[in-house]
Amino acid sequence: MLKINALIKAYIAGFLDGDGSVYVRLKPHKDHRYKFQVCPYIVFYQSSQNRKILEKIDKFLRLGYLRDRNDGMTEYVIGNYANIIQFMNWIEPYVISKKQHFKLMRRILEQKELIKNKNDFIKLVKLIDQFQKINYSKKRLNNSLTVKQKLITP
């Protein structure tokens, strides 16, 4: 990450507040210990016509990657745990509407490191469920109930 002045940090935070998302997905994964993979993301969205703005953000941050979707949108995705923490440490003072998201993401990343058994994992997933409320997510398929069912059923 390059050294960036406060104005650029505030711009990136505002961009995230308006055209970004902070969330954690649970992906079914038979090879993982608890049958699900915990996938945290910070994503900026923009029409592919405006891809250059995301390229500029990437040049400033160097923490993620660009992805062109089939629907005419481009995303700048930060998905690596260490990069997410670095980004949040750097940008959090400037974020306004995503403060609750950052707080929840931190709790989830901290809790993930403490998992010792199925009950700990279910507690983590219950934290992840909270993103459904703050992100107005209606399509979330995997939550604490589905995880509990998979972990109980051999």
Side-chain angles (χ1 to χ4, degrees), residues 1-29 32 34-47 50 53-54 56-67 69 71 73-151:
M1 180 174 11
L2 303 173
K3 293 199 181 231
I4 305 168
N5 67 36
L7 181 63
I8 299 297
K9 291 177 185 178
Y11 174 79
I12 291 171
F15 197 102
L16 178 67
D17 277 340
D19 283 338
S21 188
V22 177
Y23 63 96
V24 179
R25 282 185 58 199
L26 286 170
K27 294 181 183 178
H29 201 289
H32 275 69
Y34 300 111
K35 301 182 184 181
F36 285 87
Q37 181 179 5
V38 175
C39 303
Y41 295 101
I42 295 177
V43 185
F44 296 81
Y45 303 94
Q46 199 62 207
S47 165
N50 298 324
I53 192 70
L54 295 178
K56 279 188 176 184
I57 288 173
D58 180 41
K59 282 183 184 176
F60 287 129
L61 299 176
R62 297 288 187 211
L63 296 174
Y65 60 92
L66 289 163
R67 182 176 87 88
R69 299 185 339 198
D71 63 355
M73 296 293 288
T74 298
E75 300 174 339
Y76 179 66
V77 181
I78 304 170
N80 173 282
Y81 284 45
N83 289 354
I84 288 171
I85 291 167
Q86 184 177 358
F87 175 79
M88 289 192 309
N89 288 342
W90 180 68
I91 205 83
E92 192 166 20
Y94 303 93
V95 171
I96 296 172
S97 69
K98 297 281 194 280
K99 282 208 183 289
Q100 185 179 6
H101 298 75
F102 276 36
K103 184 177 178 183
L104 181 56
M105 178 69 82
R106 283 187 193 284
R107 286 182 59 207
I108 288 167
L109 295 178
E110 289 167 5
Q111 187 70 34
K112 186 177 182 313
E113 298 302 314
L114 303 175
I115 294 172
K116 293 183 177 126
N117 55 47
K118 287 181 184 181
N119 288 333
D120 289 344
F121 188 74
I122 291 170
K123 285 179 190 175
L124 172 68
V125 174
K126 285 182 181 180
L127 275 178
I128 294 169
D129 285 350
Q130 293 179 29
F131 271 112
Q132 186 170 6
K133 294 175 186 164
I134 63 176
N135 283 342
Y136 314 107
S137 174
K138 294 179 179 93
K139 296 180 182 179
R140 188 177 211 100
L141 299 174
N142 299 309
N143 57 35
S144 56
L145 294 176
T146 57
V147 168
K148 217 177 202 177
Q149 289 171 346
K150 283 238 184 190
L151 291 178

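Hydrogens, waters and symmetry mates play no part in the numbers below; they use all other heavy atoms, side chains included. What you see is a predicted model; the values in this text were computed from it and never measured.
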Visitor: Could you check Leu127 against Leu104 for side-chain contact (heavy atoms from CB on, under 4.5 Å), going step by step and ending with a plain yes or no?
Guide: CA-CA 8 Å; Leu127 275 178; Leu104 181 56; 4.1 Å; yes
Visitor: Can you confirm whether more than 12 heavy atoms, excluding those of Gln37, are under 6.0 Å from its CD atom?
Guide: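 It does: Gln37 CD has more than 12 such atoms within range.
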Visitor: Heavy atoms only: give me the nearest Ala82-Asn80 pair and the separation to one decimal.
Guide: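 That closest heavy-atom pairing would be N-OD1, 3.0 Å.
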Visitor: Look at the aromatic rings of Phe15 and Phe44 and report parallel, tilted or perpendicular, splitting at 30° and 60°.
Guide: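 Taking Phe44 first and then Phe15, their aromatic rings sit tilted (interplane angle of 30° to 60°).
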Visitor: Measure across Val43 and Leu16 and return the closest heavy-atom pair with its distance rounded to 0.1 Å.
Guide: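 Distance-wise, the nearest heavy atoms are O-CD1, 4.0 Å.
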Visitor: Rounded to the nearest 0.5 Å, how far does OH of Tyr45 lie from CZ of Arg67?
Guide: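 Separation between the atoms: 8.5 Å.
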Visitor: Any side-chain to backbone donor/acceptor pair from Asn135 onto Val22? Under 3.5 Å, distance only.
Guide: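 Such a contact is found between Asn135 side chain and Val22 backbone.
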Visitor: Report the distance from atom CG of Asp19 to atom CE of Met73, rounding to the nearest 0.5 Å.
Guide: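 Nearest 0.5 Å value for the CG-CE distance: 7.5 Å.
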Visitor: Could you tell me whether a side-chain N or O of Tyr81 sits under 3.5 Å from a main-chain N or O of Leu109, the two making a donor and an acceptor?
Guide: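 Answer holds: no.
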Visitor: Any chance you could measure Gln100, atom CD, to Gln130, atom CD, to the nearest 0.5 Å?
Guide: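 Answer for the CD-CD pair, Gln100 versus Gln130, is 8.5 Å.
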Visitor: Quick check for you: to the nearest 0.5 Å, what is the distance between Met105 atom CE and Ile128 atom CD1?
Guide: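 Nearest 0.5 Å value for the CE-CD1 distance: 9.0 Å.
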Visitor: Using every non-hydrogen atom in the two residues, find where His101 and Phe131 come nearest and quote the distance to one decimal.
Guide: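 Heavy atoms only, the tightest pair is O-CZ, 3.8 Å.
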Visitor: Determine, step by step, whether Lys35 and His32 satisfy the side-chain contact (heavy atoms from CB on, under 4.5 Å) criterion, reporting the C-alpha distance in whole Å, the side-chain angles of both residues, the deciding distance to 0.1 Å, and the verdict.
Guide: CA-CA 5 Å; Lys35 301 182 184 181; His32 275 69; over 6 Å; no
Visitor: Given side chains that start at C-beta, do those of Ile42 and Met88 come closer than 4.5 Å, heavy atoms only?
Guide: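 When only atoms from C-beta onward are counted, Met88 and Ile42 do touch, with a gap below 4.5 Å.
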Visitor: Minimum heavy-atom separation for Tyr94 and Ala6, please, with both atom names.
Guide: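 That closest heavy-atom pairing would be OH-CB, 3.5 Å.
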Visitor: Which heavy atom of Asp120 sits nearest a heavy atom of Asn117, and at what distance?
Guide: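 Heavy-atom minimum between the residues: N-OD1, 2.8 Å.
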Visitor: Pair Asn5, Ile8 - check side-chain contact (heavy atoms from CB on, under 4.5 Å), show working.
Guide: CA-CA 6 Å; Asn5 67 36; Ile8 299 297; 3.4 Å; yes
Visitor: Just how far is it from atom CG of Leu26 to atom CZ of Phe121, taken to the nearest 0.5 Å?
Guide: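 The distance works out to 6.0 Å.
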Visitor: Can you tell me how far the CH2 atom of Trp90 sits from the CG atom of Leu63, to the nearest 0.5 Å?
Guide: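 Trp90 atom CH2 to Leu63 atom CG measures 8.0 Å (nearest 0.5 Å).
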Visitor: What pairs meet the salt bridge (charged side-chain N to carboxylate O under 4.0 Å, His left out) rule with one or both residues in residues 92-116, with sequence neighbours excluded?
Guide: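 Every salt bridge (charged side-chain N to carboxylate O under 4.0 Å, His left out) pair that includes a residue of residues 92-116, provided the two are not neighbours, is Glu92-Arg106.
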Visitor: Could you check Phe36 against Leu124 for side-chain contact (heavy atoms from CB on, under 4.5 Å), going step by step and ending with a plain yes or no?
Guide: CA-CA 12 Å; Phe36 285 87; Leu124 172 68; over 6 Å; no
Visitor: Quick check against the 3.5 Å criterion: does Asp17 have a side-chain atom that pairs as donor or acceptor with the backbone of Ile96?
Guide: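 Yes, the answer is positive, given that a donor and an acceptor are paired below the 3.5 Å cut-off.
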